[in-house]
Each structure stands twice: as C-alpha cells, then as structure tokens.
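This report concerns only the one structure given below.
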Amino acid sequence: MILTVTPNPAVDLTWHVDALEPGATHRVPTGASRAGGKGLNVARVLRATGHDVLAVATAGGATGDELRADLEASGLPHRLVPTRAATRRTVAIVDERVGETSILNEFGAALASGEARALAEAAAELGRDADAVAISGSLPPGFGPDELGALVERLVAAGVPVIVDTSGPGVLAAASTGATALKPNREELAAATGLADPLDGARSLLARGARVVVVSLGAEGLLVVGRDGAPVRARLPRVLHGNATGAGDAVVAAIAVSLADGDDLWSDRGAAADARARLARRATAWSASAVLMPLAGELSPDHAELADEVRITMIDEDAE
Ligand SMILES: O=P(O)(O)OC[C@@]1(O)O[C@H](CO)[C@@H](O)[C@@H]1O
C-alpha cells in the first residue's frame with residue numbers, strides 16, 4: 001500500500017472558459033467542485049493506475065464535509081483528521097483558447113497543536129506499514145517545516161521510503177531530515193536553494209540528505225538526479241495544451257510506484273540507471289496525460305502511448 005499525506009487539502013473549484021479576460025464578466029458552464037490538495041491527487045492517480053492506496057488528510061467545517069462526501073462518493077480509501085477550522089478552497093480557471101490555467105490557492109487555516117499532532121500520529125502509524133509514503137502540498141500554519149521534518153524522520157527510521165513535494169522552507173527541512181525523494185518544480189527549487197540551475201539545485205538538496213531529486217520543468221519535461229550516477233532528462237517532443245493543475249502530482253505518483261517497487265534510484269549501478277530512466281519515462285507520460293484531462297488527479301488509459309513518445313537523455317556532467 002502507498003500512503004499519501006495532505007496536511008493542507010482543499011475543495012478544488014475548476015471552471016473552463018473560452019477565453020479569460022481580466023475585468024470582464026464570463027458566463028460559464030457549471031464548474032467542478034472536488035476534494036483536492038496535492039496528496040489527494042496523487043492518491044487518485046495511484047488508484048487510476050491500479051495501485052493500492054490510502055489517503056490521509058485533514059478536514060474541517062462545511063468545506064471539510066464537502067471534501068469528505070466527495071471522497072466517500074469516489075471510493076478513494078481515506079482517513080481524515082478532524083480540524084476546528086474549515087478546509088480551504090482553491091480556484092482553477094482553465095482558459096481553453098490559450099490552454100493556460102490561472103490558479104488561486106487559499107493559504108489554509110492554522111492547525112491547532114493537537115490537530116497537528118493527530119495528523120503526524122496518523123501518518124506515522126499508517127505509514128509504518130506502507131511501501132512508500134508521499135507527503136504533498138503546502139504546509140498550513142501549525143504544521144510547518146519542523147513538524148514535516150519530524151514526520152519524515154520517523155518514517156525513514158521505520159525503513160519506509162518517503163517522497164516530499166512541498167514549497168517554501170519545507171523543501172530544505174525534508175532534505176535535511178533524509179527524505180528519500182523530493183519533487184520540487186523549477187521555481188520551488190530555486191526559491192529553496194537560491195540556485196537558478198535545476199541541476200545545481202538538485203545537487204544541493206542531495207548534499208543535505210535526500211537520495212533522489214526529481215525536478216519538474218513544465219513543458220520542458222523533468223530531471224531525475226540521484227546521489228550517484230548520471231542524471232536523466234526526459235521530455236515530450238511537443239507542447240501539450242490543457243489543464244496543468246495536478247501534472248506534478250502525477251510525477252509524485254510515479255516516484256511512489258518506483259520506490260514502492262524497491263527501485264534503487266540513487267546509485268551508480270546499471271540497474272539504478274535503468275530505474276531512473278524508467279521512472280523518467282513513466283513520470284513524463286503520466287504528467288502529460290494529467291495535462292490532457294479536465295480535472296487535477298486524473299489520467300486516461302487512452303494516453304498510454306504517450307510513454308513511447310518520451311525522449312530520454314543521460315546527462316554527461318563531464319561534458320557539461
Ligand atoms: O497550495 P498547494 O498545496 O501547494 O496546492 C494546492 C493545489 O493547487 O495543488 C493541486 C494541484 O497540484 C490542486 O488540487 C490543489 O488544490
């Protein structure tokens with residue numbers, strides 16, 4: 001089983017519009033309202049690809065009730081830690097004309113200290129029996145880098161591979177506490193490390209304690225950098241237009257599958273190089289399928305052939 005943890009979930013509201021014009025009134029078809037937040041999207045992708053998954057998240061207030069009802073209706077296995085404050089909302093507006101998405105993410109209300117403890121306890125207890133744990137999304141006040149780092153340490157000490165996909169100071173906290181894998185995007189990596197070059201940024205997180213860093217680069221694909229061995233670059237040779245919300249979550253799901261399968265993604269052995277390339281291909285294809293789907297956290301089996309299109313390059317650092 002793969003466990004996903006979402007400290008700051010959301011009710012995701014998504015609208016598709018013909019063309020978004022600032023300051024104008026738009027008449028639009030009914031939007032979608034769904035249980036979201038990065039870890040819940042990761043869990044949906046894992047389930048859609050046939051993996052056994054359990055999602056842990058917080059939920060409070062009327063929006064929390066809505067989130068719970070949606071999870072129950074979807075049949076996604078979940079465990080919710082109750083909070084006094086209401087679950088946040090996010091808004092995604094997909095502009096069909098230019099194929100771009102505008103996003104408004106509420107910060108999310110603070111967790112009380114007992115709630116943060118209950119979340120960490122649930123994640124650590126359920127995570128002990130997991131094949132991998134993915135902790136995803138922004139951190140709400142009350143569950144910050146210290147709480148994240150303590151949870152990573154507990155899981156790693158229990159021998160469970162841990163993937164962290166967050167932003168802000170949580171990125172460095174996860175690296176320093178020994179998270180197995182990190183999945184920042186280019187901007188999150190640069191903000192956390194102060195390094196503009198993604199390869200340099202990834203190396204600095206590895207030096208702090210992570211074993212493998214996967215950097216998502218949007219239309220430019222992604223980079224898989226292990227502690228040893230050649231980094232791998234993967235990309236689709238064409239640009240896809242659609243809803244990029246949740247594309248990174250599909251990458252995290254692919255990393256979780258590799259780690260749950262026991263793949264070595266960080267050594268300089270031949271098998272590890274193959275595993276990095278396999279992960280890079282699958283993660284790129286899943287993330288491309290996510291872009292083509294209308295809502296975050298979805299993939300389609302109709303997109304299976306995208307994997308054949310992915311171009312893989314081993315980076316020869318001596319030649320750089
Ligand atoms: O504010 P965060 O936690 O960074 O991101 C939240 C969010 O935009 O990420 C998902 C897409 O990755 C959405 O479903 C979700 O609501």
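Each ligand, and each atom within it, is numbered from 1 in the order the structure gives. Nothing here was measured: the structure is a model prediction, and the numbers come from that model.
Donor-acceptor pairing under 3.5 Å is recorded for the side chains of E66 and S33. Using modelled atom types, one finds no donor on one side chain facing an acceptor on the other under 3.5 Å when comparing S258 with D261.
Polar contact with ligand 1: absent for S167 (N/O pair, distance under 3.5 Å). The shortest N or O to N or O distance between N41 and ligand 1 is under 3.5 Å.
Considering each of D12, V42, L104, the one bringing a non-hydrogen atom nearest atom 14 (O) of ligand 1 is D12. Nearest to atom 6 (C) of ligand 1 by heavy atom, out of N105, N243, L40, is N105.
One finds the CG atom of L205 at 15.5 Å from the CZ atom of R211 (value rounded to the nearest 0.5 Å).
Checked options T245, T14, D12; the residue passing with T90 is D12 (criterion: side chain to side chain donor-acceptor pair (under 3.5 Å)).
Distances shorter than 4.0 angstrom occur between a heavy atom of G246 and an atom of ligand 1. Contact between R88 and ligand 1 is present, with at least one heavy atom of the residue lying under 4.0 Å from the ligand.
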Would S300 and M293 count as a side chain to side chain contact (heavy atoms under 4.5 Å, CB included) here? Give the steps.
CA-CA 7 Å; S300 169; M293 298 301 284; 3.7 Å; yes

Step by step, work out the side chain to side chain contact (heavy atoms under 4.5 Å, CB included) result for T58 and T87.
CA-CA 8 Å; T58 56; T87 299; 5.5 Å; no

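Heavy-atom proximity to T245, at under 4.0 Å, picks out these atoms of ligand 1: 11 (C). Interface of G137 with ligand 1, defined as ligand atoms under 4.0 Å from a residue heavy atom, comprises 3 (O). Interface of S138 with ligand 1, defined as ligand atoms under 4.0 Å from a residue heavy atom, comprises 1 (O), 2 (P), 3 (O), 4 (O). Near T90, the atoms of ligand 1 lying under 4.0 angstrom from a non-hydrogen atom of the residue are 16 (O).
A salt bridge links D263 with R278: the closest approach of a Lys/Arg side-chain nitrogen to an acidic carboxylate oxygen falls below 4.0 angstrom. Remark: E309 engages R238 in a salt bridge, criterion side-chain N to carboxylate O under 4.0 Å.
Looking from atom 12 (O) of ligand 1 to the surrounding protein, the closest heavy atom is D249 OD2, 2.7 Å. Atom 9 (O) of ligand 1 has its closest protein heavy atom at K38 NZ, 3.0 Å.
Of the heavy atoms in E106, none comes closer than 4.0 Å to ligand 1.
Stacking of R227 on the aromatic ring of W266 is not recorded, the 6.0 Å distance cut-off and the 45° axial limit not both being met.
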